[in-house]
Amino acid sequence: MRAVTRLKSLLNAVLAEKGLDWPEKANIEPPKDKKFGDLATNFAMIAAKPLGLKPRELAESLQKSLLAKDPSLEKVEVAGPGFLNVTFSPAFWRETVTEILEQKERYGTSGIGKGRKIQVEFVSANPTGPLHIGHGRGAAVGDCLARTLRAAGYDVSTEYYINDAGRQMRLLGLSTWTRYQELHGVAVTYPEDWYKGEYIIDLAKDLTALHGKTLLDMPEAEALAVCQSFSMNAILEGIKKDLRDFRVEHEVWFSEKSLVEAGAVERTLGDLKERGLAYDKDGALWFATEQFGDDKDRVLRKSTGELTYFASDIAYHDDKFKRGFDVTVDIWGADHHGYIPRMQAGVEALGKSRDSLRVILVQLVNLMRGGEQIAMSTRAGQFETLADVVAEVGVDAARFMFMSRKSDSPLDFDLELVKEKSMDNPVYYVQYAHARISSLFAKAAERGTPLAAEAAPETLAGLDTPEDLDLLRLLEQFPDVTAQAAQFFSPHAISYYLRDLAGQLHRYYAANPVLTAETPGLIQARMLLLKAVAVTLRNGLALLGVEAPEKM
RNA sequence: GCGCCAGUAGCUCAGUCGGAUAGAGCAACGGCCUUCUAAGCCGUCGGCCGAGGGUUCGAAUCCUUCCUGGCGCGCCA
């Protein structure tokens with residue numbers, strides 16, 4: 001971050017002298033090949049045209065003025081069609097250690113969010129059964145995204161939308177009621193589309209413990225109501241616990257029912273009608289989403305008088321925007337992707353810009369064991385719950401596995417592989433790097449070699465080998481990685497960075513003795529460097545919600 | 001039929017707002033523990049980036065036509 005910022009401001013100064021702005025398409029990034037220096041920019045190729053110059057000519061004149069402007073630049077080369085390849089001095093890179101040790105847990109944070117209010121709504125599973133592994137992926141993605149956005153300077157709020165109104169809740173109540181009657185010897189016929197999982201039987205038993213058989217004497221409607229609210233509350237408590245155990249916190253639990261009961265849905269529908277965006281046809285109320293790019297108009301209220309989910313979803317998003325969020329991010333299972341155009345159309349109809357709603361799709365998780373797929377279905381009642389999976393493989397391994405793919409590709413989650421302590425399962429590789437450093441400091445303390453209090457330039461001067469510089473350069477990139485992860489809503493990039501950093505650390509460790517280095521000064525310099533690595537690893541893992549162990 | 005996503009090494013995947021010779025891990029093979037954790041390190045092998053066409057100084061990346069796989073297209077939720 002420091003290097004890019006520095007180079008960019010130098011180039012901007014050149015532009016300012018000529019009264020020009022930074023060209024949109026110009027970029028500065030580390031080149032793939034080290035021999036092209038620390039940073040490469042296509043600046044001259046992009047900027048040459050408006051100046052009426054040839055790219056290479058501009059590059060050559062920049063080369064001279066850059067070197068004259070900043071002593072941190074060791075080398076500036078012109079290459080190919082007009083690339084500028086810039087190499088910073090080792091002293092410049094060593095300042096990274098000082099910076100990290102000063103910023104500590106703030107290293108990797110940035111202000112790119114500019115305090116904008118952003119909401120991340122995720123999981124939001126119907127409270128009709130326990131969370132399964134697919135919800136776990138959504139939970140991990142949403143939680144890591146929220147952490148990443150927060151670190152990037154957004155004002156983030158996390159939320160779980162509870163679908164506690166409507167048909168699914170009635171089915172849940174009916175399912176529990178059926179199991180309850182069955183439990184007490186009443187002959188029952190199983191309803192259609194009911195929840196037949198084991199957990200419903202457990203609910204019926206819990207209900208019995210609380211109420212005995214008294215529900216059998218109630219009017220059926222009343223008994224159903226008791227079953228429904230009891231089941232929902234119990235399941236919701238279970239979901240909350242599962243999420244807490246998975247280190248996922250939602251700040252707001254938003255009830256659909258409360259929205260309906262407060263009349264918010266009716267109000268939103270009324271607004272739409274008034275603005276001519278909703279109309280009656282065939283006895284139903286329709287939302288004119290087609291004019292906002294949807295395939296066709298959608299029903300808000302069925303001819304039966306019942307509201308559709310879409311109606312309350314629109315009212316819910318209306319409510320979100322009224323609460324002042326600049327952007328709301330919804331994390332959905334990929335099977336809902338067909339729903340995006342109509343939601344975006346709806347958001348536009350509400351008077352917001354299309355991109356105030358960002359939908360992140362999370363693809364399917366194939367739960368496997370030893371290469372064989374485990375079938376999952378809430379309805380059929382055969383699934384491994386998130387809680388079961390976490391109990392088996394641990395929070396760290398599960399979260400890291402979820403963050404090791406971009407959310408948009410399907411993920412095979414093999415319980416045997418996730419438990420395995422190999423590079424198939426990189427969480428251990430990264431954690432091991434952190435533990436190694438910690439244990440090295442423990443050993444240093446035993447030997448009476450405490451870490452220097454300050455990372456002064458003269459102390460760090462011994463860091464001048466190629467491995468030192470590789471590590472320093474990688475450390476310096478961490479703030480860029482977190483900023484980009486936030487900008488592109490891709491927290492998985494952090495896990496890839498951490499693997500790289502861990503790899504570089506392991507290489508360094510193998511090649512450079514730290515506590516037995518030639519001179520006391522060099523010992524200090526290397527300890528400070530490794531301390532900076534540990535801080536960066538810890539900060540990165542924190543963004544993923546994974547622990548950085550001292551020992552393994 | 002229409003739409004969304006994917007197709008990169010034997011396997012699992014990064015890279016995709018155009019950049020220089022396409023990366024990593026696993027697997028396979030060969031090395032490295034009397035010295036800070038071998039859950040590690042080093043090396044070798046491995047590619048027509050699904051196929052064709054286009055755009056340009058430059059394409060895995062953008063456009064287009066196909067092929068293959070997953071998912072979705074209700075007054076379901």
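Residue numbering restarts at 1 for every chain, and letters A, B, ... go by the order of the sequence lines.
A cation-pi arrangement is present between A:R499 and A:Y496, with the terminal nitrogen or guanidinium carbon under 6.0 Å from the aromatic centre and inside a 45° cone about the axis. The side-chain tip of A:R436 points at the ring of A:Y509 from less than 6.0 angstrom away and within 45° of straight on.
Here A:E159 does not pair with A:K320 in a salt bridge; the nearest charged N to carboxylate O distance is not below 4.0 Å. Note on A:E392 versus A:K419: salt bridge recorded, some NZ/NE/NH1/NH2 to OD/OE distance being below 4.0 Å. A salt bridge does not link A:E60 with A:K54: every distance from a Lys NZ or Arg NE/NH1/NH2 to an Asp or Glu carboxylate oxygen is 4.0 Å or more. Checked for salt-bridge contact, A:R358 and A:D355 miss the test: no charged N lies under 4.0 Å from a carboxylate O.
Nucleic acid contact class of A:D282 (heavy atoms, under 4.0 Å, all strands): base. Among the heavy atoms of the strands lying under 4.0 Å from A:S439 is at least one base atom, whether or not backbone atoms are also near. Across all strands, A:H492 comes closer than 4.0 Å only to sugar-phosphate atoms, never to a base (heavy-atom distances). Contacts of A:N85 with the nucleic acid, taken as non-hydrogen atoms under 4.0 Å apart, include base atoms. Across all strands, A:A444 comes closer than 4.0 Å to no nucleic acid atom at all (heavy-atom distances). Counting non-hydrogen atoms under 4.0 angstrom, A:A433 reaches nothing in the nucleic acid. Among the heavy atoms of the strands, none lies under 4.0 Å from A:K54. Base contact: A:A79 has a heavy atom under 4.0 Å from a base atom. Using a 4.0 Å heavy-atom criterion, one finds that A:D313 contacts no nucleic acid atom at all. Heavy atoms of A:Y496 sit under 4.0 angstrom from primed sugar atoms or phosphate atoms, though from no base atom. Within the nucleic acid shown, A:D335 comes within 4.0 Å of sugar-phosphate atoms alone, with no base atom in reach, counting heavy atoms only.
At B:C13, one or more side-chain N or O atoms of A:R405 fall inside 4.0 Å of OP1 or OP2 (strictly under the cut-off). In this model, the phosphate group of B:C76 is approached by a side-chain N or O of A:K302 to a distance below 4.0 Å at OP1 or OP2. In terms of phosphate contacts, A:K406 brings a side-chain nitrogen or oxygen within less than 4.0 Å of OP1 or OP2 of B:G15. In terms of phosphate contacts, A:R56 brings no side-chain nitrogen or oxygen within less than 4.0 Å of OP1 or OP2 of B:C57. Look at A:Y509 and you won't find any side-chain N or O under 4.0 angstrom from OP1 or OP2 of B:C42. One finds a side-chain N or O of A:S409 lying less than 4.0 angstrom from the OP1 or OP2 phosphate oxygen of B:A14. The shortest distance between the side-chain N/O atoms of A:H506 and the OP1/OP2 oxygens of B:C32 is not below 4.0 Å. Remark: A:K34 is not in phosphate contact with B:A20, judged by side-chain N or O atoms under 4.0 Å from OP1 or OP2.
The gap from the P atom of B:C45 to that of B:G23 amounts to 14 Å, rounded to the nearest Å. Between the P atoms of B:G47 and B:C41, the separation comes to 25 Å (whole Å). For the P atoms, the distance linking B:A6 with B:G46 amounts to 30 Å, nearest Å. Comparing the C1' positions of B:C17 and B:C76 gives a spacing of 38 Å, expressed to the nearest Å. Between B:G15 and B:A22, the distance separating the two C1' atoms is 9 Å to the nearest Å. Across B:G7 and B:C13, the matching P atoms stand 10 Å from one another, rounded to whole Å. To the nearest whole angstrom, the two C1' atoms, one in B:C2 and one in B:U61, are 27 Å apart.
Ring centroid separation for the pair A:F413 and A:F402 comes in under the 6.0 Å cut-off.
Annotation: side-chain hydrogen bond (donor to acceptor under 3.5 Å, both in side chains) contacts involving residues 291-305 of chain A, sequence neighbours excluded, comprise A:E266-A:R301, A:Y279-A:D297, A:T289-A:D294, A:D294-A:R298.
Looking at the side chain of A:P81, the nearest of the listed nucleotides B:C41, B:A38, B:G19 is B:G19. Distances were taken from every side-chain heavy atom of A:Q168 (C-beta onward) to each of B:G19, B:A77, B:C13; the shortest belongs to B:A77. For A:R507, taking side-chain heavy atoms from C-beta onward, the closest of the listed nucleotides B:C76, B:C4, B:C41 is B:C41. The side chain of A:F488 lies closest to B:C17, out of B:A14, B:C17, B:A20. Which of B:C36, B:G15, B:C5 sits closest to the side chain of A:L515 comes down to B:C36.
Separation of atoms OG1 (A:T482) and CD1 (A:I112) is listed at 7.5 Å; rounding is to 0.5 Å.
Atom NE2 of A:H336 and atom C1' of B:C5 are 16 Å apart (whole Å). Rounded to an integer number of Å, the gap from CG of A:N366 to P of B:C11 is 17 Å. Atoms NE2 (A:H434) and P (B:G40) sit 17 Å apart, rounded to a whole Å. Between the C1' atom of B:C5 and the CD1 atom of A:I360 lies a distance of 14 Å, rounded to the nearest Å. To the nearest angstrom, P of B:G18 lies 9 Å from CG of A:N42. At whole-Å resolution of the value, CZ in A:F83 and C1' in B:G19 are 4 Å apart. A:L417 places its CG atom 11 Å from the C1' atom of B:C11, with the value rounded to the nearest Å. Protein atom CG of A:D297 is 11 Å distant from nucleotide atom P of B:C75, rounded to whole Å.
Atom CZ of A:R56 sits in a crowded spot, with more than 12 heavy atoms from other residues, nucleotides or ligands closer than 6.0 Å.
Of the two residues near RNA chain B, A:P513 and A:G503, the one whose nearest nucleotide lies more 5' is A:P513. For the pair A:H337 and A:Y309, both in contact range of RNA chain B, the more 5′-proximal nearest nucleotide belongs to A:H337.
For A:R170, the side chain to side chain contact (heavy atoms under 4.5 Å, CB included) criterion is met by A:R167, A:Q228, A:E306, not counting sequence neighbours.
For B:C67, the glycosidic angle deviates from 0 by more than 90°, giving an anti base.
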Q: For RNA chain B, just give me the dot-bracket, please: Watson-Crick or G-U, both distances below 3.5 Å, ( ) intra-strand, [ ] crossing earlier pairs, | paired with another strand, . unpaired.
A: (((((((..((((.....[...)))).(((((.......))))).....(((((..]....))))))))))))....
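Residue-nucleotide stacking is present for A:F36 and B:A20, judged by a side-chain ring centre under 5.5 Å from the six-membered base ring centre and planes under 30° apart.
For the 3.5 Å distance criterion, the side chains of A:T178 and A:S175 fail to qualify, holding no donor opposite an acceptor.
The base of B:C75 lies close enough to the side chain of A:S303 for a donor and an acceptor atom to sit less than 3.5 Å apart.
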